[in-house]
Amino acid sequence: MEIFTESQFSACYMQYREKVNGYIFSRVRDREEAEDLTQDVFEHIWRCREGVRMVTLQNLVFRVMRNTVIDYLRRRYMKKSRMDIYSYGEVQCGRNTVEEDYCYKELRFVHEKMVKRLTERRRQVYLLYFYKGMSYASIADRLGVAECTVGAHLLKAHRMVRMGVDRAYRNKAG
């Protein structure tokens, strides 16, 4: 098996950096985030350099780039959705009167009830990510699971909580 040397990595970086950055920027629309994610792509490639083959290098770069963007967008969406759960209550209820305050508290109650319905592992992942602000990697290390497992648990947990909250409000409105 060939070893991906430092000089080959430098050449790879010089050859693909602008393309990777351009693609990422077109998806995230934030120059600083695009730069950070571009660095993440090449850090990932460097970390797995023992398995890099020159024949498939271009495919590897683009696959890591695409997966990095997908992970970033998924995290951003999930954080935004979490905030939407609470801002929905504030927008719908305004939080100015006793009735509006009650509406907001009811929303929080439904949300907490849905979180309690999650399986133990999903609840752990959900709470660590949304309330402790831990990264996928940190959660994976803490719970002794793979990062992709953390992502899968988080996606399913978020979907279940969101659907439960939405259902509660549809029932209340209708």
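Throughout, residue positions are numbered sequentially from 1 according to the sequence presented.
- The CZ atom of R162 lies 12.5 Å from the CZ atom of R159; values are rounded to the nearest 0.5 Å.
- For T149, there are no side-chain hydrogen bond (donor to acceptor under 3.5 Å, both in side chains) partners at least two apart in sequence or on another chain.
- Contacts of F9 classified as ring pair (Phe, Tyr, Trp, His ring centres under 6.0 Å), with partners at least two apart in sequence or in another chain: W46.
- Considering every non-hydrogen atom in both H158 and Y126, the closest pair reads CA-CE1, 4.0 Å.
- The nearest pair of heavy atoms linking M114 to M160 is CE-O, 3.6 Å.
- The hydrophobic cluster containing M163 does not contain F130, counting ILVMFWY residues as joined when their side-chain heavy atoms lie under 4.5 angstrom apart, directly or transitively.
- Residues forming a side-chain hydrogen bond (donor to acceptor under 3.5 Å, both in side chains) with E18 (at least two apart in sequence, or on another chain): none.
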Steps toward side-chain contact (heavy atoms from CB on, under 4.5 Å) verdict (I45, Y13): CA-CA 10 Å; I45 292 169; Y13 181 81; over 6 Å; no
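- Considering only residues two or more places apart in sequence or on other chains, S135 meets the side-chain hydrogen bond (donor to acceptor under 3.5 Å, both in side chains) condition with S138.
- Remark: D71 engages R74 in a salt bridge (charged side-chain N to carboxylate O under 4.0 Å, His left out) (not counting sequence neighbours).
- For R121, there are no salt bridge (charged side-chain N to carboxylate O under 4.0 Å, His left out) partners, not counting sequence neighbours.
- The CE atom of M134 lies 11.5 Å from the CG atom of L127; values are rounded to the nearest 0.5 Å.
- Residue I70 is not grouped with residue Y136 when hydrophobic side chains (ILVMFWY) are merged at heavy-atom distances under 4.5 angstrom, including chains of intermediate members.
- Atoms CG and NE2, from L118 and H153 in turn, are 11.0 Å apart once rounded to the nearest 0.5 Å.
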For residues 22-31, run the donor-acceptor check on the side chains, cut-off 3.5 Å, and write out each pair with its distance to 0.1 Å, sequence neighbours left out.
| unit_1 | atom_1 | unit_2 | atom_2 | d |
| --- | --- | --- | --- | --- |
| S26 | OG | Y23 | O | 2.6 |
| D30 | OD1 | E32 | N | 3.0 |
| D30 | OD1 | E33 | N | 3.1 |

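- Residues satisfying the salt bridge (charged side-chain N to carboxylate O under 4.0 Å, His left out) test with R142, not counting sequence neighbours, are none.
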Test log, rule side-chain contact (heavy atoms from CB on, under 4.5 Å), inputs V150 and Y129: CA-CA 9 Å; V150 170; Y129 184 78; over 6 Å; no
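- In terms of heavy-atom proximity, A140 sits nearest to A146 at CB-C, 3.9 Å.
- Residue pairs meeting the salt bridge (Lys or Arg N to Asp or Glu O under 4.0 Å) criterion with at least one partner in residues 123-138, sequence neighbours excluded, are E120-R123.
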Distance-only donor-acceptor hits, side chain of residues 58-69, under 3.5 Å, sequence neighbours excluded:
| unit_1 | atom_1 | unit_2 | atom_2 | d |
| --- | --- | --- | --- | --- |
| N67 | ND2 | R63 | O | 3.4 |
| T68 | OG1 | V64 | O | 2.7 |

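- Remark: E43 engages no residue in a salt bridge (charged side-chain N to carboxylate O under 4.0 Å, His left out) (not counting sequence neighbours).
- For D40, there are no side-chain hydrogen bond (donor to acceptor under 3.5 Å, both in side chains) partners at least two apart in sequence or on another chain.
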